Student: 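Input: one structure, supplied below.
Labels below follow one simple rule: chain letters A, B, ... track the order of the sequence lines, proteins then strands, and each chain is numbered from 1. Predicted model, so just to flag it, every value in this text is computed and none were measured.
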2 protein chains.
Amino acid sequence: MDTKRRSDCPISCSLDIWGDKWSLLIIRDLMFAMQCTYGDFLKSEEKIATNILANRLQMLEANGIITKLTHPESKAKVLYQLTEKGIDLLPLMVEIHLWADKYSVIPPGRKEFLKEVKKDKEAFIKSGIKELKKKLVKEA
Amino acid sequence: MDTKRRSDCPISCSLDIWGDKWSLLIIRDLMFAMQCTYGDFLKSEEKIATNILANRLQMLEANGIITKLTHPESKAKVLYQLTEKGIDLLPLMVEIHLWADKYSVIPPGRKEFLKEVKKDKEAFIKSGIKELKKKLVKEA
DNA sequence: ATATTACACTTGCAAAACGCAAGCGAATAT
DNA sequence: ATATTCGCTTGCGTTTTGCAAGTGTAATAT
């Protein structure tokens, strides 16, 4: 596990955690798509490799962004869940969406999401965080 | 230059552009530190390698985030500048700062920046973008 | 009870990206 | 004329990635 930070700059420290091509996609799946198992992440259209996925899940867990839980309906399944720290990345994810919306083509499915966001950004984020935290399951 | 996108998801497309350990640091330097030459970027405390820097500058230019200008005081120097698309990453950078502020130690120098942000985020971003766009120089 | 499948990884290996040091050409300074 | 600054480029060893195949445990089917 990479533990040395390059500097004490907040941007740099953040990038040390999730500054790669995959981490935020896992967080996206957990945050918006309600996909929360290893198998779910593999099914996402970007097609992450199994070893990279395992590595990133470890990384995100080590950095307190996600936690592992035993799946309620089966001991064979693992349920990944955003921590509060992970949930608090929602504003960031929203800003990425807004930026992408301004400068590239957004797939139809996300258009309504963006419509909601633009209606009242602050309210959207506040209620989104509240929703996610409500679902947060504490480890036994 | 990498041109194939992994999916049409806005998060994924954004990461295809600046989803690495260095790009946002270059953007940070242009946005907050007013460092805008190749040499300036090299001096940043994270110590980016020369070839990686050259590659990222190319990448960011190819994606319309930055432009190259001849430096007003010397033909030997190159002045890099954020485009409007690059400037519009300011809200994102602010959110990263706020997240990092909540979950890690922020160096004293950035504390006043964050104080300003927290006072009135929307106003801070709006005036920040305005400032940056005012300085924007059009290529001859 | 046994076999098969589902699930979450691990492993091996080739290819690509990275990091470091050195070099190079044009522009400026001396 | 010579040296230095500046913005890269090149070579090369190391690390990370991507792909395919395999492994172990738990659930399910027979």
Side-chain angles (χ1 to χ4, degrees), chain A residues 1-7 12 15-26 29-30 33-63 66-81 139, chain B residues 1-7 12 15-26 29-30 33-63 66-81 139:
Chain A
M1 201 59 43
D2 196 42
T3 182
K4 58 216 163 215
R5 46 178 53 184
R6 294 171 294 170
S7 79
S12 170
L15 292 174
D16 284 340
I17 297 176
W18 45 257
D20 66 88
K21 296 253 178 292
W22 298 106
S23 296
L24 288 182
L25 296 183
I26 296 171
D29 287 346
L30 285 165
M34 301 308 156
Q35 296 188 306
C36 44
T37 69
Y38 187 93
D40 288 337
F41 303 136
L42 283 181
K43 280 174 215 140
S44 290
E45 56 178 341
E46 291 87 6
K47 298 279 159 269
I48 188 170
T50 56
N51 55 341
I52 306 295
L53 174 56
N55 173 273
R56 292 308 186 279
L57 289 171
Q58 244 185 263
M59 205 76 152
L60 291 172
E61 193 187 7
N63 284 291
I66 63 175
T67 48
K68 285 172 82 160
L69 301 173
T70 55
H71 200 286
E73 68 185 38
S74 159
K75 263 196 288 185
K77 288 186 184 176
V78 175
L79 194 134
Y80 289 96
Q81 166 183 261
E139 183 75 55
Chain B
M1 201 60 43
D2 197 40
T3 182
K4 57 215 163 215
R5 48 178 50 185
R6 293 171 295 169
S7 79
S12 170
L15 292 175
D16 285 341
I17 298 176
W18 46 257
D20 65 88
K21 296 252 179 290
W22 296 108
S23 296
L24 287 182
L25 296 183
I26 296 170
D29 287 347
L30 285 165
M34 300 309 157
Q35 295 189 305
C36 44
T37 69
Y38 187 91
D40 288 338
F41 302 135
L42 283 181
K43 281 175 215 139
S44 291
E45 56 177 341
E46 291 86 7
K47 299 278 160 268
I48 188 170
T50 57
N51 55 341
I52 305 296
L53 175 56
N55 174 273
R56 292 309 186 279
L57 288 170
Q58 245 185 264
M59 205 76 153
L60 291 172
E61 193 187 7
N63 283 292
I66 61 174
T67 48
K68 285 171 82 159
L69 301 172
T70 53
H71 201 286
E73 68 185 39
S74 161
K75 263 196 286 186
K77 288 184 183 176
V78 175
L79 194 133
Y80 289 95
Q81 168 184 260
E139 184 74 55

Student: If you measure from CG on B:N55 to CG on B:L60, what distance do you get to the nearest 0.5 Å?
Tutor: 9.5 Å
Student: If the cut-off is 4.0 Å, is B:R56 near the phosphate of D:dC8, judged by side-chain N/O to OP1 or OP2?
Tutor: no
Student: Using whole Å, report how far CD1 of A:I48 lies from P of D:dA20.
Tutor: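 About 15 Å, once rounded to whole Å.
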Student: Rounding to an integer number of Å, can you tell me how far B:R6 CZ sits from D:dC19 P?
Tutor: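 One finds 12 Å between P of D:dC19 and CZ of B:R6, rounded.
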Student: Quick one: NZ on A:K77 to OG1 on A:T70, what's the gap to the nearest 0.5 Å?
Tutor: 13.0 Å
Student: Take the protein atom CD of A:E46 and the nucleotide atom C1' of D:dT17, then report the distance between them rounded to whole Å.
Tutor: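 Nearest whole value for this atom pair: 16 Å.
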Student: Applying side chain to side chain contact (heavy atoms under 4.5 Å, CB included) to A:S23 and A:M59, what does each step give before you reach the verdict?
Tutor: CA-CA 9 Å; A:S23 296; A:M59 205 76 152; 5.8 Å; no
Student: With DNA chain C as reference, determine whether A:T37 or B:D20 sits nearer its 5' end, using the nearest nucleotide of each.
Tutor: A:T37
Student: Could you state the NZ-P distance from B:K77 to C:dT28, rounded to the nearest angstrom?
Tutor: 10 Å
Student: Figure out the CG/C1' separation between A:L53 and D:dA20, and round it to whole Å.
Tutor: 16 Å
Student: Just the rounded figure in Å: distance from P of C:dA14 to CG of A:N51.
Tutor: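 That distance rounds to 15 Å.
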Student: Which sits closer to the 5' end of DNA chain D, B:K43 or A:A49, going by the nucleotide each is nearest to?
Tutor: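 This one resolves to B:K43.
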Student: Please report, rounded to the nearest Å, how far the P atom of C:dC7 is from the CG atom of A:L57.
Tutor: 16 Å
Student: Using whole Å, report how far CD of A:Q35 lies from C1' of C:dA8.
Tutor: 16 Å
Student: Please classify the nucleic acid contact of B:S74 as base, sugar-phosphate, or nothing, using heavy-atom distances under 4.0 Å.
Tutor: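 Result for B:S74 = sugar-phosphate.
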Student: From the list D:dG18, C:dA22, D:dA20, which nucleotide is the closest neighbour of the side chain of B:T50?
Tutor: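 The closest nucleotide is C:dA22.
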Student: For C:dC9, does either OP1 or OP2 sit under 4.0 Å from a side-chain N or O belonging to A:K68?
Tutor: yes
Student: So, is A:W22 close to the D:dG18 phosphate, meaning a side-chain N or O under 4.0 Å from OP1 or OP2?
Tutor: yes
Student: Please round to the nearest 0.5 Å and tell me the distance separating atom OG1 of B:T37 and atom NZ of B:K68.
Tutor: 12.0 Å
Student: So which nucleotide from C:dA27, C:dA8, D:dG7 ends up closest to the side chain of B:A76?
Tutor: C:dA27
Student: Is there a donor-acceptor contact under 3.5 Å from the side chain of B:S44 to the main chain of B:E46?
Tutor: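 No, because the side chain of B:S44 does not come within donor-acceptor range (under 3.5 Å) of the backbone of B:E46.
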Student: For a quick check of understanding: with a heavy-atom distance under 4.0 Å over all strands, which category does B:Y80 fall into, base, sugar-phosphate or nothing?
Tutor: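 Sugar-phosphate, backbone atoms only, no base.
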